[in-house]
Asks: 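Dropping the structure in here first, questions after.
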Amino acid sequence: MPYEFSSKGLEVQDSVRQFMETVIYPSEESYLAQVAELGTDVYPPILDEMKTKALDRGLWNLFLPHMNSDNPGTLLSNLDYAPISEMLGRVDFASEVLNCNAPDTGNMEILHLFGSDRVKAMWLGPLLAGDIRSAFCMTEPDVASSDATNVELSITRHGDEYVLNGRKWFSTGARAERCKVLIAMGKTDPKASRHLQQSMIIVPRDTPGVEIGLDPHVFGYSDRGGHPEVIFRDVHVPVDNILGDEGSGFAISQARLGPGRIHHCMRTIGVAERALEILVTRSLERHTFGTSLAQKGLIQDWIAESRIEIDMAREYVLRTAYLMDTVGNKAAASEISGIKVAIPNMALKIIDRAIQVHGAAGVSQFYPLARMYANTRTLRIADGPDEVHKMTIARREIQKHQPDFRMH
């Protein structure tokens with residue numbers, strides 16, 4: 001399928017490439033040193049230094065394809081933004097420097113598309129400016145949240161307020177001091193049809209009744225802002241904090257996850273590219289049994305397979321981005337699900353090969369590979385587990401032959 005980047009897209013891609021070379025890569029060691037010194041609960045000052053440089057170059061909110069000229073997005077298409085996301089994925093803090101980091105990206109799109117004027121003024125503006133952070137509260141510890149219709153957080157209307165009660169967890173970033181607002185998904189009408197029971201609502205982080213509970217680590221890693229449990233106990237918010245209409249939460253979640261999955265997948269391709277670079281560098285430096293690792297047939301096979309797999313994966317994601325731009329997220333649903341399965345699995349194989357080439361050092365904190373593996377393995381669960389996406393793909397394939405087919 002033919003597709004090409006716009007002139008604007010190519011221009012921004014080149015600017016981001018230069019920014020990575022001159023600002024992001026030279027700052028990696030300082031960033032890691034500050035995080036090690038200050039801990040994951042403290043905002044490292046070097047981020048603001050880099051953000052100032054990004055703003056000066058106009059590299060800000062690049063992910064927003066639907067914003068209008070009154071807002072500080074660059075109006076890039078999903079296709080134009082995809083290579084940028086790949087570049088940012090090579091360094092785990094790079095997306096935040098350009099205000100293109102999850103979960104804020106998806107949350108900003110939801111607020112723009114579904115928030116009231118008051119909500120946009122209070123929360124979208126500061127998020128677009130990078131003055132605050134946000135969290136997305138969907139996953140629950142007591143139910144299988146891979147089926148979004150299972151969510152049990154109750155959102156009950158009382159006069160001109162909604163009252164929330166329930167528990168969420170893996171609310172990425174909710175522990176951070178800069179996290180000022182939550183988007184929570186819960187049930188406003190348990191008696192409605194299955195996909196119309198849920199709604200999404202804005203909850204300011206400092207609302208009485210909002211508490212931070214357990215703070216799960218990911219493969220032993222504690223990330224900045226955490227992935228904590230958020231407990232809602234009789235939390236009252238205004239009625240117009242609802243996003244869209246009552247009962248539209250499931251539909252909004254699908255709208256949110258489409259672009260987000262493209263971003264995740266392209267960032268993951270960036271991770272895979274960097275893992276391959278690390279693998280090749282190590283193979284040239286290390287010698288066993290009289291020759292470098294790079295001269296071993298097995299290592300050459302791994303390198304070749306990795307290059308083929310990355311390039312195939314990239315084409316799959318770019319095609320999906322093109323379809324999203326041209327026929328829409330719904331029509332591209334199978335492709336969106338497909339890349340969400342294929343890309344993390346591809347990257348995991350390459351990271352695993354790089355770890356093996358490094359031996360014991362590969363699983364240590366002295367190389368980025370173990371953290372890469374932990375983050376990438378988590379993506380096989382985040383935004384829907386592989387099995388759910390495969391079910392979606394299978395259903396659509398079967399319906400080509402039997403249109404009235406339904407899963408039970």
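Only this structure's heavy atoms are used, side chains among them; waters, hydrogens and symmetry mates stay out. These numbers come from a predicted model, not from an experiment.
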Asks: Without swapping roles, check the side chain of Thr392 against the backbone of Val388 for a donor-acceptor pair under 3.5 Å.
Replies: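 Judged by distance alone, yes, a pair lies under 3.5 Å.
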
Asks: Could you give all pairs that pass the ring pair (Phe, Tyr, Trp, His ring centres under 6.0 Å) test and reach residues 357-385, with sequence neighbours left out?
Replies: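 Sorted result for residues 357-385: His358-Tyr367.
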
Asks: Do Ser85 side-chain atoms and Tyr81 backbone N/O form a donor-acceptor pair below 3.5 Å?
Replies: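 No, Ser85 side chain to Tyr81 backbone: no donor-acceptor pair under 3.5 Å.
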
Asks: Quick one, Met20 with Tyr25, criterion side chain to side chain contact (heavy atoms under 4.5 Å, CB included). Give me CA distance, side-chain angles, the key distance, then yes/no.
Replies: CA-CA 6 Å; Met20 293 291 295; Tyr25 295 136; 3.8 Å; yes

Asks: Counting only heavy atoms not in Asp117, do more than 12 fall under 6.0 Å of its CG?
Replies: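 Open.
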
Asks: Can you check whether Glu229's main-chain N or O pairs, donor with acceptor, with Arg167's side chain at less than 3.5 Å?
Replies: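 Not a single qualifying donor-acceptor pair exists.
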
Asks: Do Arg267 and Glu86 meet the salt-bridge criterion of a basic N to acidic O distance under 4.0 Å?
Replies: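 No, no charged N to carboxylate O under 4.0 Å.
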
Asks: If you measure from the Lys or Arg side-chain nitrogens to the Asp or Glu carboxylate oxygens, is any gap between Asp56 and Lys53 under 4.0 Å?
Replies: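 Salt bridge: no.
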
Asks: Between Arg314 and Asp311, does any side-chain N to carboxylate O distance fall below 4.0 Å?
Replies: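 Yes.
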
Asks: Do Tyr322 and Asn78 meet the criterion of a side-chain donor-acceptor pair at a distance under 3.5 Å?
Replies: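 Looking only at side-chain atoms, Asn78 and Tyr322 do not form any donor-acceptor pair under 3.5 Å.
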
Asks: With distance as the sole criterion, is a donor-acceptor pair present between the side chains of Asn107 and Asp104 under 3.5 Å?
Replies: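 No - no donor-acceptor pair under 3.5 Å links their side chains.
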
Asks: Return yes if a side-chain donor-acceptor contact under 3.5 Å exists between Lys296 and Thr291, otherwise no.
Replies: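 Yes.
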
Asks: Mind running side chain to side chain contact (heavy atoms under 4.5 Å, CB included) on Arg353 and Gln356 for me, showing each step along the way?
Replies: CA-CA 5 Å; Arg353 292 167 185 154; Gln356 200 69 11; 5.6 Å; no

Asks: What pairs with Ser154 under side chain to side chain contact (heavy atoms under 4.5 Å, CB included), at least two apart in sequence or on another chain?
Replies: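 Result, side chain to side chain contact (heavy atoms under 4.5 Å, CB included) vs Ser154: Thr156, Asn165.
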
Asks: Under 3.5 Å, is there a donor-acceptor pair between the Thr139 and Ser145 side chains?
Replies: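 Their side chains do not contain a donor-acceptor pair, so the 3.5 Å distance test is not met.
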
Asks: Going by side chain to side chain contact (heavy atoms under 4.5 Å, CB included), Met266 matches just one of Leu318, Leu88, Ile343. Which one?
Replies: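 Testing Met266 for a side chain to side chain contact (heavy atoms under 4.5 Å, CB included) against Leu318, Leu88, Ile343 leaves exactly one candidate, Leu318.
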
Asks: With a 6.0 Å cut-off (strictly less than), is the heavy-atom count around CZ of Arg371, excluding the residue itself, greater than 12?
Replies: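 More than 12 within 6.0 Å, yes.
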
Asks: Could you list the residues that satisfy salt bridge (charged side-chain N to carboxylate O under 4.0 Å, His left out) with Glu49, not counting sequence neighbours?
Replies: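 Salt bridge (charged side-chain N to carboxylate O under 4.0 Å, His left out) list for Glu49, sorted by chain: empty.
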
Asks: Not counting sequence neighbours, which residues clear side chain to side chain donor-acceptor pair (under 3.5 Å) with Lys120? List them please.
Replies: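 Expected list: none.
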
Asks: Applying ring pair (Phe, Tyr, Trp, His ring centres under 6.0 Å), which residue pairs with at least one partner in residues 175-199 are found, sequence neighbours left out?
Replies: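 Residue pairs passing ring pair (Phe, Tyr, Trp, His ring centres under 6.0 Å), neighbours aside: His195-Phe250.
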
Asks: Give a yes or no on whether a salt bridge exists between Arg194 and Asp147, defined as a side-chain N under 4.0 angstrom from a carboxylate O.
Replies: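 Salt bridge flag = yes for Asp147 with Arg194.
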
Asks: For Tyr43, does the six-membered ring have the charged nitrogen or CZ of Arg178 within the cation-pi criterion, i.e. under 6.0 angstrom from the centroid and within 45° of the normal?
Replies: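 Yes - Arg178 lies over the ring of Tyr43, closer than 6.0 Å to its centre and within 45° of its axis.
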
Asks: Evaluate whether atom CD of Gln34 has more than 12 neighbouring non-hydrogen atoms of other residues, nucleotides or ligands under 6.0 angstrom away.
Replies: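 Enclosed.
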
Asks: Evaluate the side chain to side chain contact (heavy atoms under 4.5 Å, CB included) criterion for residues Lys340 and Asp383: first the C-alpha distance (whole Å), next the side-chain angles of each, then the deciding distance (0.1 Å), finally the verdict.
Replies: CA-CA 8 Å; Lys340 184 57 179 59; Asp383 287 352; 3.8 Å; yes

Asks: Can you name the side chain to side chain donor-acceptor pair (under 3.5 Å) partners of Asp404, sequence neighbours left out?
Replies: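 If we apply the side chain to side chain donor-acceptor pair (under 3.5 Å) test to Asp404, skipping adjacent residues, the hits are Gln402.
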
Asks: Identify, with sequence neighbours excluded, every residue that meets side chain to side chain contact (heavy atoms under 4.5 Å, CB included) alongside Arg118.
Replies: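 For Arg118 the side chain to side chain contact (heavy atoms under 4.5 Å, CB included) partners, ignoring immediate neighbours, are Ser116, Met122, Pro238, Asp240, Asn241.
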
Asks: Under 4.0 Å between a side-chain nitrogen and a carboxylate oxygen: does that hold for Arg224 and Glu96?
Replies: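 Looking at Glu96 together with Arg224, the answer is yes, because their closest N to O distance falls below 4.0 Å.
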
Asks: Considering only NZ, NE, NH1 and NH2 on the basic side and carboxylate oxygens on the acidic side, decide whether Arg90 and Glu273 come within less than 4.0 Å.
Replies: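 Answer for the salt bridge query: no.
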
Asks: Quick one: list whatever passes salt bridge (charged side-chain N to carboxylate O under 4.0 Å, His left out) with Glu246, sequence neighbours left out.
Replies: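 Not a single residue meets the salt bridge (charged side-chain N to carboxylate O under 4.0 Å, His left out) criterion with Glu246.
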
Asks: Going by side chain to side chain donor-acceptor pair (under 3.5 Å), name the residues that satisfy it together with Glu11, two or more places apart in sequence or in a different chain.
Replies: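 Not a single residue meets the side chain to side chain donor-acceptor pair (under 3.5 Å) criterion with Glu11.
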
Asks: Answer yes or no: is there a donor N or O on one side and an acceptor on the other, between the side chain of Lys168 and the main chain of Met185, under 3.5 Å?
Replies: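 Indeed, once roles are kept as given, a pair shorter than 3.5 Å links the two residues.
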
Asks: Does Gln197 have any side chain to side chain donor-acceptor pair (under 3.5 Å) partners at least two apart in sequence or in another chain, and if so, which?
Replies: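 Counting only residues at least two positions away or on another chain, Gln197 forms a side chain to side chain donor-acceptor pair (under 3.5 Å) with Lys187.
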
Asks: Excluding sequence neighbours, so at least two apart, what forms side chain to side chain contact (heavy atoms under 4.5 Å, CB included) with Phe170?
Replies: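 Testing Phe170 for side chain to side chain contact (heavy atoms under 4.5 Å, CB included), a comparison that skips the adjacent residues, returns Pro216, Val218, His227.
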
Asks: With a 4.0 Å cut-off, would you call Glu397 and Lys400 a salt bridge?
Replies: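 Here Glu397 pairs with Lys400 in a salt bridge, since their nearest N and O are under 4.0 Å apart.
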
Asks: Please determine whether the number of non-hydrogen atoms from other residues, nucleotides or ligands lying under 6.0 Å from atom CD of Glu277 exceeds 12.
Replies: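 Enclosed.
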
Asks: When you look at Val91 and Arg274, which way does the side chain to side chain contact (heavy atoms under 4.5 Å, CB included) test go after all the steps?
Replies: CA-CA 9 Å; Val91 180; Arg274 195 150 199 209; 3.5 Å; yes

Asks: According to side chain to side chain contact (heavy atoms under 4.5 Å, CB included), who are the partners of Val271, at least two apart in sequence or on a separate chain?
Replies: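 Testing Val271 for side chain to side chain contact (heavy atoms under 4.5 Å, CB included), a comparison that skips the adjacent residues, returns Ile351, Met372, Thr376.
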
